[in-house]
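For reference, the structure discussed in these notes is given below.
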Number of protein chains: 2
Amino acid sequence: MSLRIALLGLLTAKGPASGYDLAKRFEHSLNHVWQAGHTQIYPELVKMAADGLVTVEAEGARGRKIYAITPDGSRLLTEWLIEHDPSATIRSETALQAFLLPLLDTEQAIAVVERIKGHFEARLAVLDCQPEGQFGNYALSLGLRQMRSGREWAEETLAALRREG
Amino acid sequence: MSLRIALLGLLTAKGPASGYDLAKRFEHSLNHVWQAGHTQIYPELVKMAADGLVTVEAEGARGRKIYAITPDGSRLLTEWLIEHDPSATIRSETALQAFLLPLLDTEQAIAVVERIKGHFEARLAVLDCQPEGQFGNYALSLGLRQMRSGREWAEETLAALRREG
DNA sequence: TTCGCCATGTAATTCGTTACATGATTTG
DNA sequence: CAAATCATGTAACGAATTACATGGCGAA
């Protein structure tokens, strides 16, 4: 479902687009929120068209199809936003590594946390380059906060490990 | 892979266990980090035994099998912890709702953010009840930080929406 | 005209969820 | 003995990743 919602959202926010365009939009704006490659997007659009959520508005060169959202699609999108309880499912490899830290000796643990810290910083850097005042604004500020608190956790954990080691 | 790692980690941290036990451990300690139900765990343990990562240490009543980690399993676990670059894949329905907020009018957006805030608070409450000083310590403090920053985001966003609306 | 990127797709496989099925043990 | 919970599993389906395949178009 969420993939559909994400696609409908992008079509609403930035207008009709081809599968390729949508894959690009995913990369550039939704990347810190939801991810999908073209191999998932192309077939999903076909199914969504069959379900009446999008239509092929135009066909261009080399099979390029421009999809637009339909009223049914808009309805589904708004309904989901207003009614859907976001699932609490979390699967974070980073948090899993944090969980398992006590299995390592201090020196190894420090190395792992250093690397995790690097990851948080890298993602933070990506988000920092993101233009303010754009559509993804709210998600961007949420992402920034969570990456910053990840970095802080790493710093605090490093300090604790060094004290102890 | 991560499911395997999580299972190997639990077996190392808390000793040999059956599939059922492991499902329970997932619920109680790994829940804010990684999730898996018994339907995923049972078959995975069989495959892991076939791959020599765990062995059936004992068999009890009604087919109960107690699995223990093997040296190969330990090796794989440590290697993963030290070498594996945690994937940056994020799929958060909450963040997706945040992303799509601008599609709603102010009143609806406020309702959505209120609900999101409630979710963050609920998860925070669960983590707050978790015993300190246990194995999952590091992951717990990371989770707490991230839930708190989620709640702060919701509060700030609500304030902004109310100013504007 | 060759190289690189644009653009679209399919196939195979793995990962994860939901629904179903079964029987043992404990508690009231 | 009935009901609840313990405990193990399978099957079907859906979501996601990886690998493969193809051809167009533009620039050097």
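Here is how names work: the chains are called A, B, and so on, in the same order as the sequence lines, proteins then strands, and each is numbered from 1.
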Nearest-Å distance, CD1 (B/I41) to C1' (D/dT10)?
-> 16 Å
Are any non-hydrogen side-chain atoms of A/D21 and A/K24 less than 4.5 angstrom apart?
-> no
Using atom CD of B/E59 as one end and atom C1' of D/dT8 as the other, report the distance to the nearest whole Å.
-> 12 Å
Test item: B/S92 and A/H32 side chains (from C-beta on) under 4.5 Å apart, heavy atoms | no
Under 3.5 Å, side chain of A/W153 to main-chain N/O of B/Y138, donor-acceptor pair present?
-> yes
Could you state the CG-P distance from B/L45 to D/dA7, rounded to the nearest angstrom?
-> 15 Å
Quick tally for nucleotides 4-10 of chain C: nucleotides whose base has a protein heavy atom under 4.0 Å get B, sugar-phosphate-only ones S, the rest -, giving --BBBBB
Pair B/Y42 and B/Y20, ring centroids less than 6.0 Å apart | no
Rounding to a whole Å, what distance do you find between B/R4:CZ and C/dG16:C1'?
-> 15 Å
Cluster link B/V126 to A/I90, ILVMFWY, side chain under 4.5 Å | no
Identify the residue among A/V33, A/L30, A/L81, A/T78 that makes a side chain to side chain contact (heavy atoms under 4.5 Å, CB included) with B/L100.
-> A/L81
How long is the line joining CZ of B/F26 and C1' of C/dG16, in whole Å?
-> 12 Å
What's touching nucleotides 13-15 of chain D from the protein side, N or O pairs under 3.5 Å?
residue, atom, partner, partner atom, Å
D/dA15, OP1, A/M1, N, 3.4

Shortest non-hydrogen pair, A/W80 vs A/S2, comes out as CZ2-OG, 4.3 Å
Please give, in whole Å, the distance from C/dT17 C1' to B/Q35 CD?
-> 12 Å
With sequence neighbours excluded, what pairs up with A/R4 under the side-chain hydrogen bond (donor to acceptor under 3.5 Å, both in side chains) test?
-> A/E44, A/D51
